[in-house]
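Data first, discussion second: the structure below is written as structure tokens.
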Amino acid sequence: MGKLRVVDTKENARETFRTFHERGSRRSMDFDFGWPTQMQEVGEGKAEMYRSNKWKKDLREYEEYKHVVEGTRTVYMVPGFLRKWRSSRQQIEVCGPMVTFEEPMPKHFTRLGPLLGLQVRLFACGDGEPAVVKGDGEDGRLYEVTMSRAFLGGAEHPETKEKFLFVYDSRGVYVLLTGGELGIEKDGIVG
């Protein structure tokens, strides 16, 4: 999988940090990873769970947050990312179209906090077009996706100005969430 061209978005990332955390950023970090050129659309996002030290005087103190999606959230994942909880060598079968992302992508983004998890309803695999399965049966359960040492990031596409969230660690980006009225505000994630 290749990497997409990136453009300078430092001021936008600083403004997003300032809005979300209600303070200025003290440092910026460089990451060795790039944005994947393609990901698979796998379902609907239902909630994002993360830890944050926003509003804390002592920045070593964190609070846990769960943002239940109010609108629609499309979930894209790197193929092969989802694994079974008790048997991490086994992949979870997902279906949905492969999507090629548009260049350029942002070079800078805001770390919102350590990831606690995502709640995702996956597309049902079948003969026709992928469709999200409603309900909590074996074929339509709400999956809770966790990843150790991962973070939830937020950014704005430099051309479309669309806000999006993503899950990453030091090796790369694994999940991207877009859609609806997604925003990153002083009260947290909205939309």
Side-chain angles (χ1 to χ4, degrees), residues 3-37 39 41-56 59 62-78 81 99 101-120 144-191:
K3 294 180 182 178
L4 293 173
R5 179 176 61 87
V6 296
V7 296
D8 186 350
T9 54
K10 187 179 281 187
E11 282 310 309
N12 180 274
R14 282 185 176 152
E15 183 58 35
T16 301
F17 186 94
R18 198 171 12 263
T19 299
F20 184 77
H21 292 280
E22 287 196 319
R23 65 176 177 271
S25 58
R26 297 188 303 175
R27 63 186 174 124
S28 63
M29 299 178 292
D30 292 325
F31 291 93
D32 293 332
F33 65 80
W35 299 101
T37 57
M39 294 179 101
E41 182 180 345
V42 298
E44 291 181 347
K46 296 299 181 184
E48 299 98 17
M49 293 135 348
Y50 59 98
R51 296 174 62 226
S52 178
N53 60 1
K54 65 182 178 176
W55 304 323
K56 299 290 185 185
L59 298 182
Y62 283 82
E63 194 169 332
E64 294 183 357
Y65 293 89
K66 178 178 182 178
H67 173 256
V68 176
V69 174
E70 300 152 20
T72 59
R73 188 83 79 239
T74 304
V75 179
Y76 303 92
M77 292 186 181
V78 171
F81 172 71
V99 175
F101 292 110
E102 297 290 322
E103 291 187 300
M105 288 294 277
K107 181 176 183 179
H108 305 92
F109 60 88
T110 300
R111 179 184 282 184
L112 302 177
L115 179 75
L116 294 173
L118 303 172
Q119 290 180 330
V120 177
E144 187 158 306
V145 179
T146 62
M147 183 177 167
S148 62
R149 294 181 293 284
F151 294 92
L152 185 64
E156 180 179 281
H157 192 277
E159 289 186 356
T160 67
K161 304 302 180 197
E162 180 181 8
K163 297 272 188 191
F164 62 93
L165 304 172
F166 58 97
V167 173
Y168 70 97
D169 68 8
S170 61
R171 297 165 295 171
V173 174
Y174 299 94
V175 181
L176 196 136
L177 305 120
T178 67
E181 298 296 317
L182 172 62
I184 302 168
E185 304 295 335
K186 77 175 194 171
D187 292 331
I189 299 167
V190 297

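Residues Tyr76 and Thr178 share a closest heavy-atom pair of CE1-OG1, 3.6 Å. For Phe109 against Ala155, the heavy-atom pair with the smallest separation is CB-CB, 3.8 Å. Smallest separation of non-hydrogen atoms from Val145 and Met77: CG2-CE, 4.3 Å. A pairwise comparison of heavy atoms in Phe164 and Leu182 identifies CA-CD2, 3.5 Å as the closest pair. Arg5 and Glu103 make their closest contact through N-OE2, 2.7 Å (heavy atoms, listed as atom of the first residue, atom of the second, distance). Pairing each heavy atom of His21 with each of Leu112, the nearest pair is CE1-O, 3.9 Å.
Between the Thr9 side chain and the His108 main chain, a donor and an acceptor come within less than 3.5 Å of each other. The backbone N or O of Pro106 sits less than 3.5 Å from a side-chain atom of Trp35, completing a donor-acceptor pair. Between the Gln119 side chain and the Lys46 main chain, no donor and acceptor come within less than 3.5 Å of each other. Although no hydrogens or angles enter the test, the distance criterion places no donor-acceptor pair under 3.5 Å between the side chain of Thr37 and the main chain of Leu4.
Side-chain atoms of Tyr50 and Arg111 include no donor-acceptor pair closer than 3.5 Å. For the residue pair Glu162 / His157, no side-chain donor-acceptor distance below 3.5 Å is found, with atom types taken as modelled.
Between Ile189 and Leu152 there is a side-chain heavy-atom pair separated by less than 4.5 Å. Glu15 is not listed as a side-chain neighbour of Glu156, based on a closest heavy-atom distance of 4.5 Å or more. Within the 4.5 Å cutoff, no side-chain heavy atoms of Thr110 are placed close to those of Ile184. Here the side chains of Arg26 and Leu59 are in contact, with some heavy-atom distance below 4.5 Å. In this structure the side chain of Leu177 reaches within 4.5 angstrom of the side chain of Arg73, judged on heavy atoms.
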**OP:** Would you check, one step at a time, whether the test salt bridge (Lys or Arg N to Asp or Glu O under 4.0 Å) holds for Lys10 with Asp8?
**Re:** CA-CA 6 Å; Lys10 187 179 281 187; Asp8 186 350; over 6 Å; no
Original post:
Would Arg51 and Leu116 satisfy side chain to side chain contact (heavy atoms under 4.5 Å, CB included), going step by step from the backbone distance to the final call?
Top reply: CA-CA 7 Å; Arg51 296 174 62 226; Leu116 294 173; 3.6 Å; yes
Subject >> Working for side chain to side chain contact (heavy atoms under 4.5 Å, CB included), residues Trp55 and Glu63 >> reply: CA-CA 10 Å; Trp55 304 323; Glu63 194 169 332; 5.7 Å; no
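Atom NZ of Lys186 sits in a sparse spot, with 12 or fewer heavy atoms from other residues, nucleotides or ligands closer than 6.0 Å. Summarising the local packing, CD of Glu22 is surrounded by more than 12 heavy atoms from other residues, nucleotides or ligands at distances under 6.0 Å.
Considering OH of Tyr62 and CG of Asn53, their distance stands at 4.5 Å, rounded to 0.5 Å.
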